[in-house]
> 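Please read through the structure below; I'll follow up with questions.
Here is the naming used below: chain letters follow the sequence lines, and residue numbers restart at 1 for every chain.
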Amino acid sequence: MTELLKISLPDGSVREMERGSSPADVAAAIGPGLAKAALAARVDGEVRDLGRPFDGDAQLELITARDEADALELARHDFAHVLAEAVQALYPGTQITFGPATDDGFYYDVMAPASREPFSSEDLPAIEEQMRAIIKADKPLRREAWSRQKLIDKWEADGEAFKAEWAKELPENEELTVYWSGDDWLDMCRGPHLPSTGKLDPQAFKLMRVAGAYWRGDQNNAQLTRIYGTGWLNKKQLNLHLHNLEEAAKRDHRKLGREMDLFHLQEEAHGSVFWHPKGYRIWRELEAYMRRKMDSTGYREIKTPQLMDVRQWEQSGHWGKYAENMFAVPDMVPEVSEDEGNAAPTVAADADWLAIKPMNCPAHVIVFKQGITSYRDLPIRLGEMGCCHRNEPHGALHGLMRVRQFTQDDAHIFCTEAQVVEEVRAFCELANSVYQDFGFTYHVKLALRPEKRFGSEADWDKAEQELRDAVAEAGMANEEYGWEELPGEGAFYAPKLEWHLTDAIGRTWQVGTIQGDRVLPDRLDATYVGEDGGRHRPVMLHRAIFGSYERFIGILIEHYAGRLPVWLAPVQAVVAPIVSDIDGYAQEVEAKLKAAGIRVEADLRNEKINYKVREHSLAKVPHLLVVGKREAEEGSVAIRTLGEKDQRVMSLDDAVAMLTAAATPPDLRPEAV
RNA sequence: GCCGCGGUAGCUCAGUGGUAGAGCGCGUCAUUGGUAAUGACGAGGCCGAGAGUUCAAUUCUCUCUCGUGGCACCA
């Protein structure tokens, strides 16, 4: 008299199943094809093993390879387990820890046995081989519930110190699960998993690299070896991914920066950029653009000192928190050694210390504090192309993306409490117009109060709510803008709104930010005189749109794969004569374009036109103007535009008009005004 | 800062216990050629820095440094 379970399917039908039956049974009942294709099940919205019995009546959706997101997640998680099993099979005594799915695959953190070196990339082929063997063996993956104590005993018996440590911290009463791979290997895991290892495609994964990673992400703990793999549902997907990686490598800004002669980095100033003429041209265009944007939205630009007394940084709180990442300079005349070549100066014990600014905010507060400010003057928006230095951990440096010297498009808005929401909303609008001009889409996120912070809870409540409200006012607190709140991610003095750009190949970059700060105005005693005649604290909004010029240019190079829009291109056009008889005309064309404000060069070298076309195409010059006898006679040019197959012949005057239009920055185009 | 890998010509890289090689680039000459590499010749290197082993080190060992892939960090 067992009662039957009612299992509802997505098509609206309901199947009656015996108690104890599982999604696998439902799949089998529907048909053998589905039984084979099914990978897992979504039971009342939760992804579960195919073989896990129903708890009661349920909504069921069977997951197959067609449900790509779910299937990928399952496959990657299984690849990680197979990886761990393979490593232990090959190298007994290896300790296993954790191995999740990632965006493009999986990894597993392991500790090599003391008897051998940590794993290296040379071990990867053998591990891959072993993984394929495990997949081919089609070992069933079986879920089993264990008590916590049983788990601890098992891990301790096996010498798995990391696993045992973790198990001890799991809740005592909760039922814990392990997954068997066949009958000879298991890992503790919440699941779910595919029914068996054979559901994985042995040709759809590749181990990519090994790296160090700290146990539980804490640098005080042991360092494990993390083995990274990329994993997919089939070989085609894997190959596509590998191809995309190659494409991404081709647009690496470090490579393009060298090839396009934009900038270089070198040992003597590591983490600081040597900008070459072409790279700095991009910078200048961006800076001019940003100045126009800020001038037209009520900002006033200032310039503040590079060096300030360390005491100023103590007062702001930065010295206490970030001293180790700041550069300090003794305020003294160095004693020069008689000994030539001895460049190490001695520092007097009583020297005063100056710090090179790691940020502009305290200096902006100092400017704000000059004189007496009335509420009638607020908001005050102070902008600065502020050059800052931070002594970053060496392992963090990366091309233009993470440097020790950088220049921010920084500004601080001092305003009353009542003005915060409107100021933030207006900033959302400004940031939006900038990112659109560069062809980026973006997500807006709110980073909430961190564990270690200054300021009262009431102020944090207020500050977070203001940012929320402003984004809502701007119409961006929704899915379209990827709206999300990130607990614990804020700065020590303020919650942050963050703009995460998505580039042409789908990667995201956090650039813009605005932060509602009540801490610094208080610590540095900034005040304004209110309507009531009393002194009040302004709210200080820290904000940037590019973030830093260095990083933003790096992002632009990768976003456009070096093919910058004409208005940013260091060289916008090259005039290339076919024979030297035409050099005179080529120079005439060059002069005319120059007079129109186009960044143009004439390539009069004694080379064939094929050579010039190839070279300037590789250099990513947007327009190549080829001139031969025909063009010289007609007063025309043959324009070859980068990325287009065909040339266009037009009169020189038309060419000037066309290039002038193409070279106009987006904010100055007629349709933008 | 931690783990792994690397540093040889301007760039990309090969190579060796007896102080080095290619391609591209650069220079000179010839060539004046209609849309992605014309040819010949030539000049370039303290083989990242320091120490050690050795008759001898670019090569082996150690330290440092910078880069690189991750981790940790990112006001």
Side-chain angles (χ1 to χ4, degrees), chain A residues 107 109 112 117-123 208-228 252 254-255 258-259 261 264-271 313 316-326 357-362 388 390-399 401-403 406 408 450 452-454 489-494 496 510 513 515 517 519-520 542 547-548 551 576-583 605-619 624-631 638-640 642 644-647 649:
Chain A
Y107 67 78
D109 288 348
E117 314 255 291
F119 299 109
S120 75
S121 45
E122 282 163 27
D123 298 312
M208 303 297 280
R209 64 182 96 87
V210 296
Y214 299 106
W215 166 237
R216 307 179 86 162
D218 184 335
Q219 62 172 325
N220 298 314
N221 289 340
Q223 188 144 27
L224 309 166
T225 304
R226 177 168 297 177
I227 301 176
Y228 279 95
D252 187 310
R254 294 165 300 184
K255 180 172 175 287
R258 197 170 43 241
E259 289 171 1
D261 193 19
H264 85 274
L265 294 151
Q266 71 178 48
E267 219 175 303
E268 288 73 10
H270 77 104
W313 299 103
S316 68
H318 293 97
W319 189 255
K321 205 161 157 58
Y322 293 109
E324 61 182 19
N325 294 317
M326 287 171 66
K357 68 175 170 184
M359 55 183 347
N360 308 298
C361 349
C388 299
R390 294 179 188 173
N391 198 351
E392 302 284 3
H394 289 194
L397 300 176
H398 180 92
M401 301 304 188
R402 190 85 179 268
V403 286
F406 55 91
Q408 297 174 313
K452 285 184 188 165
R453 56 180 180 264
F454 291 165
E489 303 266 311
F492 72 89
Y493 53 78
K496 302 195 276 192
Q510 200 237 299
T513 181
Q515 310 163 4
D517 180 9
V519 173
L520 257 194
H542 308 246
S548 93
R551 187 155 174 275
I578 292 168
V579 292
S580 53
D581 291 353
I582 308 302
D583 286 0
R605 291 174 305 169
N606 175 15
E607 297 292 351
K608 290 188 173 174
I609 194 63
N610 285 353
Y611 182 89
K612 293 182 186 179
V613 166
R614 174 178 157 83
E615 187 156 291
H616 297 300
S617 299
L618 290 175
L624 185 60
L625 282 60
V626 176
V627 291
K629 291 202 177 87
R630 222 157 43 221
E631 287 77 10
I639 298 192
R640 184 187 166 111
L642 189 64
E644 287 173 23
K645 278 190 190 128
D646 301 319
Q647 56 167 339
V649 179

> When we call it a touch if two heavy atoms are under 4.0 Å apart, what does A:Ala638 touch: a base, just sugar-phosphate, or nothing?
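Counting heavy atoms under 4.0 Å across all strands, the contact made by A:Ala638 includes a base.
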> Which of these nucleotides, B:G33, B:U35, B:C73, is closest to any side-chain atom of A:Val579?
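For the A:Val579 side chain, the nearest candidate turns out to be B:G33.
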> Ion pair present between A:Arg216 and A:Asp218, side-chain N to carboxylate O less than 4.0 angstrom?
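Salt bridge between A:Arg216 and A:Asp218, a charged N being under 4.0 Å from a carboxylate O: no.
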> Take atom NE2 of A:His318 and atom C1' of B:C74, then tell me their distance rounded to the nearest Å.
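Between C1' of B:C74 and NE2 of A:His318: 13 Å.
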> Rounded to whole angstroms, how far apart are CZ on A:Arg402 and C1' on B:G70?
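Going from CZ in A:Arg402 over to C1' in B:G70 covers 14 Å.
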> Could you state the interatomic distance from CD (A:Glu631) to CD1 (A:Ile578), rounded to the nearest 0.5 Å?
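Rounded to the nearest 0.5 Å, the CD-CD1 separation comes out at 6.0 Å.
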> Pair A:Leu624, A:Ile639 - check side chain to side chain contact (heavy atoms under 4.5 Å, CB included), show working.
CA-CA 6 Å; A:Leu624 185 60; A:Ile639 298 192; over 6 Å; no
> Run the side-chain contact (heavy atoms from CB on, under 4.5 Å) test against A:Asp261 and tell me which residues pass, sequence neighbours left out.
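Testing A:Asp261 for side-chain contact (heavy atoms from CB on, under 4.5 Å), a comparison that skips the adjacent residues, returns A:His276.
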> Any idea which of B:U35, B:A72, B:A75 is nearest the A:Gln219 side chain?
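Out of B:U35, B:A72, B:A75, the nucleotide with an atom closest to A:Gln219's side chain is B:A72.
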> Around atom CD of A:Glu268, are there more than 12 heavy atoms of other residues, nucleotides or ligands at under 6.0 Å?
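For A:Glu268, atom CD is crowded (more than 12 foreign heavy atoms under 6.0 Å).
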> Grab the CG-P distance between A:Asn325 and B:A72 for me, whole Å please.
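Whole-Å distance recorded here is 16 Å.
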> Does A:Arg640 pair with A:Glu644 as a salt bridge, N-O distance under 4.0 Å?
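Not counted as a salt bridge, because no side-chain N and carboxylate O are separated by less than 4.0 Å.
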> Checking contacts here: which listed nucleotide (B:A75, B:U35, B:C74) is nearest the side-chain heavy atoms of A:Met359?
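Selected nucleotide (nearest to the side chain): B:A75.
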> Give a yes/no on whether any side-chain N or O of A:Tyr228 is located under 4.0 angstrom from OP1 or OP2 of B:C71.
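For B:C71, OP1/OP2 do have a side-chain N/O of A:Tyr228 under 4.0 Å.
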> Evaluate side chain to side chain contact (heavy atoms under 4.5 Å, CB included) for A:Glu392 paired with A:Arg402, printing each intermediate quantity in order.
CA-CA 8 Å; A:Glu392 302 284 3; A:Arg402 190 85 179 268; 3.0 Å; yes
> Mind checking if A:Lys496 touches a base, just sugar-phosphate, or nothing, with heavy atoms under 4.0 Å?
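The answer is sugar-phosphate, as A:Lys496 gets under 4.0 Å only of primed atoms, P, OP1 or OP2.
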> Using heavy atoms to find the nearest nucleotide of RNA chain B for A:Arg630 and A:Tyr322 separately, return the residue whose nucleotide is more 5′.
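Mapping each residue to its closest nucleotide by heavy atoms, the 5'-most match is A:Arg630.
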> Would you please determine if the base of B:A75 is stacked by A:Phe492, with stacking meaning a centroid separation under 5.5 angstrom and planes under 30 degrees?
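No, aromatic ring not over the base.
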> As a check on the pairing definition, encode RNA chain B in dot-bracket form, counting Watson-Crick and G-U wobble pairs whose two distances are under 3.5 Å, and using | for partners outside this strand.
(((((((..((((....[..)))).(((((.......))))).....(((((..]....))))))))))))....
> Rounding to a whole Å, what distance do you find between A:Gln647:CD and B:U35:P?
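Going from A:Gln647 (CD) to B:U35 (P), I get 8 Å.
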> Are A:Tyr107 and A:Arg209 packed together at the side-chain level, in the sense that at least one heavy-atom pair is separated by less than 4.5 angstrom?
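The answer is no, as the side chains (C-beta and beyond) never meet within the 4.5 Å cut-off.
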> Within the structure shown, what part of the strands sits under 4.0 Å from A:Glu122 by heavy-atom distance: base, sugar-phosphate, or nothing?
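Since no nucleic acid heavy atom lies under 4.0 Å of A:Glu122, the category is nothing.
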> Ignoring hydrogens and angles, tell me if any N or O in the side chain of A:Lys321 forms a donor-acceptor pair with the backbone of A:Phe492 under 3.5 Å.
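Checked: no pair found.
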> Go through the structure and list residues passing side-chain hydrogen bond (donor to acceptor under 3.5 Å, both in side chains) with A:Gln515, not counting sequence neighbours.
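For A:Gln515, the residues satisfying side-chain hydrogen bond (donor to acceptor under 3.5 Å, both in side chains) (neighbours in sequence not counted) are A:Tyr493, A:Thr513.
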> Remember a base hit wins even if backbone is also touched, and classify A:Gly217 as base, sugar-phosphate or nothing at under 4.0 Å, heavy atoms.
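Sugar-phosphate, no base atom in range.
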> Would you list the protein and nucleotides 8-11 of chain B atom pairs, both N or O, that sit under 3.5 Å from each other?
| unit_1 | atom_1 | unit_2 | atom_2 | d |
| --- | --- | --- | --- | --- |
| B:C11 | O3' | A:Arg258 | NE | 3.3 |

> Under 4.0 Å from OP1 or OP2 of B:G34: is there any side-chain N or O of A:Lys612 that close?
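No, no such contact exists.
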> Quick one: does any side-chain atom of A:Arg453 pair with a main-chain N or O of A:Pro450 as donor and acceptor, under 3.5 Å?
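Side chain of A:Arg453 to backbone of A:Pro450, a donor-acceptor pair under 3.5 Å: yes, one is there.
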> Taking syn as any angle within 90 degrees of 0 and anti as the rest, which one fits B:G25?
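Anti conformation here, the glycosidic angle of B:G25 being more than 90° from 0.
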> Expressed in angstrom and rounded to an integer, what is the separation of A:Asp218 atom CG from B:G1 atom P?
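The answer, rounded to whole Å, is 18 Å.
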> Report all interatomic pairs (protein N or O, nucleotide N or O of nucleotides 23-28 of chain B) with separations under 3.5 Å.
none

> Could you run down nucleotides 60-69 of chain B 5' to 3' and tag each one B, S or - for protein heavy-atom contact under 4.0 Å?
-----SSSSB
> Rounded to whole angstrom, note down the P distance from B:A57 over to B:G42.
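B:A57 and B:G42 have their P atoms separated by 32 Å.
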> Scan side-chain atoms only and decide if A:Glu324 and A:Asn391 contain a donor-acceptor pair under the 3.5 Å cut-off.
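No, A:Asn391 and A:Glu324 have no side-chain donor paired with an acceptor closer than 3.5 Å.
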> Check every strand shown and say whether A:Lys321 touches a base, only sugar-phosphate, or nothing at a heavy-atom separation below 4.0 Å.
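Since no nucleic acid heavy atom lies under 4.0 Å of A:Lys321, the category is nothing.
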> In whole Å, I'd like the distance from the CD1 atom of A:Ile578 to the C1' atom of B:G34.
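For the pair A:Ile578 CD1 and B:G34 C1', the rounded distance is 4 Å.
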> Distance-only, no hydrogens or angles: does the A:Asp123 side chain make a donor-acceptor pair with backbone N or O of A:Ser120 under 3.5 Å?
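Side chain of A:Asp123 to backbone of A:Ser120, a donor-acceptor pair under 3.5 Å: yes, one is there.
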> Within the structure shown, what part of the strands sits under 4.0 Å from A:Ser580 by heavy-atom distance: base, sugar-phosphate, or nothing?
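Contact class for A:Ser580: base.
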> How long is the line joining CZ of A:Arg640 and P of B:G34, in whole Å?
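My rounded result for the distance is 15 Å.
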> Sticking with atom C1', work out how far B:C74 lies from B:A37, rounded to a whole angstrom.
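Between the two C1' atoms, the distance is 45 Å.
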> Tell me the interatomic distance from A:Asp581, atom CG, to B:U32, atom P, rounded to whole angstroms.
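A:Asp581 atom CG is separated from B:U32 atom P by 11 Å.
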